[in-house]
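Right, one structure below, let's go through it.
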Amino acid sequence: MPTNPEGYNQQYFKRERKKIIEKLGGKCAECGVGSKLEIHHIKPCGMGANRGTFRRLTEWKRNMDNLQVLCHDCHVDWHKVNGVEYNGR
């Protein structure tokens, strides 16, 4: 399977991310939408603390109680309202 320049398998990351989103309810915690979902840290991590794909997956799995699922729009809004830089997609 192809890997990106960082050496991780993109399909594996997407599959694991999807599992985490499903475990967290599979829909936006704010508006209930089930598409364009992102994983949000309830208590923000330090800048760069979860960068790097495998590091991010490991941190997510170890700290599920600090995560919630938000749709892209609600995620961006949360960061604007709370004055925290948005580093998502």
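Position 1 is the first residue of the sequence; numbering continues from there.
Summarising the geometry of Cys28 relative to Cys31, their closest heavy-atom pair is SG-N, 3.4 Å, with the distance given to 0.1 Å. Looking at every heavy atom in both residues, Ile42 comes nearest to Trp78 through O-CZ2, 4.4 Å. The nearest pair of heavy atoms linking Lys43 to Asn66 is N-OD1, 2.7 Å.
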Handout entry: From CA spacing to verdict: side chain to side chain contact (heavy atoms under 4.5 Å, CB included), Leu70, Glu38
Key = CA-CA 5 Å; Leu70 295 176; Glu38 301 178 355; 5.6 Å; no
Practice task
Any chance you could lay out the salt bridge (Lys or Arg N to Asp or Glu O under 4.0 Å) test for Glu22 and Lys19, step after step, and finish with the verdict?
Solution key: CA-CA 5 Å; Glu22 289 171 2; Lys19 286 180 189 177; over 6 Å; no
Handout entry: Derivation and outcome, side chain to side chain contact (heavy atoms under 4.5 Å, CB included), residues Gln68 and Leu24
Key = CA-CA 7 Å; Gln68 72 179 154; Leu24 293 170; over 6 Å; no
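Annotation: side chain of Ile20 is in contact with side chain of Ile39 (closest heavy-atom distance under 4.5 Å). With contacts defined as side-chain heavy-atom distances shorter than 4.5 Å, the pair Lys23/Met64 qualifies. Arg15 places a side-chain heavy atom less than 4.5 Å from the side chain of Tyr12. At a threshold of 4.5 Å between non-hydrogen side-chain atoms, the residues Lys27 and Val69 do not count as touching.
Note that CD of Glu30 is 9.5 Å distant from CG of Asp77, once rounded to the nearest 0.5 Å. Here the NE2 atom belonging to His40 is positioned 12.0 Å from the SG atom belonging to Cys71, to the nearest 0.5 angstrom. Here the NZ-NE2 distance, from Lys36 to His75, works out to 13.0 Å after rounding to the nearest 0.5 Å.
Aromatic ring centroids of Tyr86 and His72 lie under 6.0 Å apart.
Transitive grouping of hydrophobic side chains (ILVMFWY, heavy atoms separated by less than 4.5 Å) keeps Ile21 and Val33 in distinct clusters.
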